[in-house]
Colleague: 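Here it is: the structure, laid out below.
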Amino acid sequence: MSEDAEAIAGFGYELGLLKRIRRTGWWHAGVRDPESVAEHTMRTAQLAALIAAEEGADPARASFLALWHDTQETRTGDLPHTAAAHLAKPDPRRITADQTERLPERSRDTVRAAVDEYETRQTLEALCAKDADKLEMLLQAIEYRDIGVSRVDGWIASARKDLHTETSRRIAKAAVTLSPLAWRDR
């Protein structure tokens, strides 16, 4: 068995943890079984592609950046914003470097470059991916509110104030006025 294949398989197992790691901030709002990091990531990547398409950016690249934006949480867990006052913010690039250390060079460089681009926010695709992260949180908050979780206004406000693209701001404005089931009436 090749070392490269073992390294990729091992990293694949590590990434599988994201399916079991819950988004912890939602527990603070009273959600008993919050979404997983992987569930959050999937919709974030999909939204990133749509935002990028509307903004004239590369949808595939924006989606790709979004796919890697929270992979470091296999090592840290999902830290709620309340931890910030008590812990130094982990450096996603450093964690990614550790996670990918054994990967073959091309795979390692691909993942590290995606995380670096996302974190530096110097490209339109990175801004679209970051906006998608915020919009996904906003949509999730509205969905939780719709099923009776009442303490989500802070998440909605936080998401709206941190959006960079005009497309994302328009989507957020529409989302707060729609029922999460509005798609069924189309």
Side-chain angles (χ1 to χ4, degrees), residues 1-28 31 33-53 55 57-140 159 162 164-165 168:
M1 202 170 346
S2 85
E3 285 183 37
D4 288 352
E6 284 184 13
I8 292 171
F11 189 43
Y13 283 130
E14 180 176 349
L15 294 172
L17 291 174
L18 297 172
K19 295 190 291 184
R20 297 189 297 276
I21 296 172
R22 299 289 163 198
R23 302 259 296 163
T24 57
W26 296 125
W27 279 319
H28 296 185
V31 177
D33 186 25
E35 67 176 335
S36 71
V37 173
E39 290 166 323
H40 161 72
T41 298
M42 183 195 78
R43 185 161 59 179
T44 299
Q46 292 166 328
L47 289 168
L50 298 174
I51 295 164
E55 288 288 322
D58 180 353
R61 183 69 185 168
S63 184
F64 186 75
L65 299 179
L67 279 174
W68 296 101
H69 86 282
D70 278 342
T71 56
Q72 306 78 23
E73 292 181 10
T74 63
R75 303 287 173 101
T76 64
D78 179 51
L79 299 172
H81 81 279
T82 54
H86 308 286
L87 302 171
K89 182 181 184 314
D91 179 358
R93 287 169 279 231
R94 195 175 76 46
I95 296 168
T96 300
D98 185 55
Q99 287 176 310
T100 60
E101 182 179 351
R102 294 187 56 228
L103 291 178
E105 183 178 1
R106 286 184 298 230
S107 294
R108 180 181 60 238
D109 291 351
T110 296
V111 174
R112 289 178 179 180
V115 170
D116 185 61
E117 184 177 343
Y118 177 84
E119 291 298 326
T120 57
R121 312 242 207 301
Q122 297 299 307
T123 65
L124 183 53
E125 289 78 10
L127 291 174
C128 292
K130 182 59 178 176
D131 277 6
D133 180 37
K134 293 298 184 178
L135 276 174
E136 199 290 324
M137 180 179 70
L138 179 143
L139 295 174
Q140 188 63 66
D162 290 336
H164 297 90
T165 65
S168 297

Colleague: About how many Å separate CD of E35 and OG1 of T41, when rounded to the nearest 0.5 Å?
Modeller: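 Answer for the OG1-CD pair, T41 versus E35, is 8.5 Å.
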Colleague: Apply side-chain contact (heavy atoms from CB on, under 4.5 Å) to L47 and L139, showing your working.
Modeller: CA-CA 11 Å; L47 289 168; L139 295 174; 3.9 Å; yes
Colleague: Parallel, tilted or perpendicular for W68 and F11, by the 30°/60° rule?
Modeller: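 If you compare the ring of W68 with that of F11, the planes turn out parallel.
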Colleague: Do you know the tightest heavy-atom contact between A52 and A62?
Modeller: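 Reported closest heavy-atom pair: CB-CB, 3.6 Å.
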Colleague: Between S63 (side chain only) and A45 (backbone N and O only), is there a donor and an acceptor less than 3.5 Å apart?
Modeller: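 Here the side-chain-to-backbone pair exists.
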Colleague: Is a side-chain N or O of T100 found less than 3.5 angstrom from the main chain of L103, in a donor-acceptor match?
Modeller: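 No, T100 side chain to L103 backbone: no donor-acceptor pair under 3.5 Å.
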Colleague: Ring centroids only, cut at 6.0 angstrom: are H81 and H28 within range, meaning strictly under it?
Modeller: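 They do not qualify: ring centres at least 6.0 Å apart.
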Colleague: Please check this pair: side chain of R22 against backbone of P34, looking for a donor-acceptor N/O pair closer than 3.5 Å.
Modeller: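 Present.
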Colleague: I'd like to know if the side chain of E125 reaches the main chain of D58, judged simply by a donor and an acceptor atom lying under 3.5 Å from each other, with no hydrogens or angles considered.
Modeller: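 Yes, because the side chain of E125 sits within donor-acceptor range (under 3.5 Å) of the backbone of D58.
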Colleague: Counting heavy atoms not belonging to R121, are there more than 12 under 6.0 Å from its CZ?
Modeller: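 Atom CZ in R121 is packed in, count exceeds 12.
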Colleague: If we only count heavy atoms from C-beta on, is the T120 to R93 side-chain gap below 4.5 Å?
Modeller: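 Yes, close enough: below the 4.5 Å cut-off.
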Colleague: If only atom types and distance count, is the side chain of R112 paired as donor or acceptor with the main-chain N or O of A97 below 3.5 Å?
Modeller: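 Yes, the answer is positive, given that a donor and an acceptor are paired below the 3.5 Å cut-off.
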Colleague: How close do A48 and A66 get, counting heavy atoms only, and between which atoms?
Modeller: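 Residues A48 and A66, closest heavy atoms: CB-CB, 4.0 Å.
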Colleague: Would you check if E101 and D98 make a side-chain contact, meaning some heavy-atom pair closer than 4.5 Å?
Modeller: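 When only atoms from C-beta onward are counted, D98 and E101 do touch, with a gap below 4.5 Å.
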Colleague: Measure the CD1-CD distance between I8 and E3 for me, rounded to the nearest 0.5 Å.
Modeller: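 One finds 12.0 Å between CD1 of I8 and CD of E3.
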Colleague: Search all heavy atoms of K19 against all heavy atoms of S36 and return the closest pair with its distance.
Modeller: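 Minimum heavy-atom separation between K19 and S36: O-CB, 3.3 Å.
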Colleague: Using the rule given for side-chain contact (heavy atoms from CB on, under 4.5 Å), can you reason through L127 versus K130, listing the C-alpha separation, both sets of side-chain angles and the distance that settles it, and then say yes or no?
Modeller: CA-CA 5 Å; L127 291 174; K130 182 59 178 176; 5.6 Å; no
Colleague: Grab the two heavy atoms, one from E73 and one from V37, that are nearest each other, plus how far apart they are.
Modeller: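 Looks like OE1-CG2, 3.1 Å.
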Colleague: Please give me the minimum heavy-atom distance between A126 and E117, naming the atom from each residue.
Modeller: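 It is CB-O, 3.2 Å.
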Colleague: Side-chain contact, heavy-atom cut-off 4.5 Å: H164 with E55?
Modeller: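 With C-beta onward as the side chain, the pair stays apart.
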Colleague: Using salt bridge (charged side-chain N to carboxylate O under 4.0 Å, His left out), reason through E14 and R75 one step at a time and then give a plain yes or no.
Modeller: CA-CA 9 Å; E14 180 176 349; R75 303 287 173 101; 2.7 Å; yes
Colleague: Main chain of P90, side chain of Q72: is a donor-acceptor contact present, judged purely on distance under 3.5 Å?
Modeller: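 Checked: no pair found.
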Colleague: Is a donor on one side and an acceptor on the other found under 3.5 Å between the side chain of D131 and the backbone of S168?
Modeller: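 No, because the side chain of D131 does not come within donor-acceptor range (under 3.5 Å) of the backbone of S168.
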Colleague: When you measure from the side chain of T24 to the backbone of D78, do you find a donor-acceptor pair of N or O atoms at a distance under 3.5 Å?
Modeller: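 Such a contact is found between T24 side chain and D78 backbone.
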Colleague: Taking the side chain as every heavy atom from C-beta outward, state whether E39 and Q140 have any pair of such atoms under 4.5 Å apart.
Modeller: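 Of all side-chain heavy-atom pairs linking Q140 with E39, none is under 4.5 Å.
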Colleague: Could you check whether any side-chain heavy atom of D70 comes within less than 4.5 Å of a side-chain heavy atom of T44, counting everything from C-beta outward?
Modeller: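 Not in contact.
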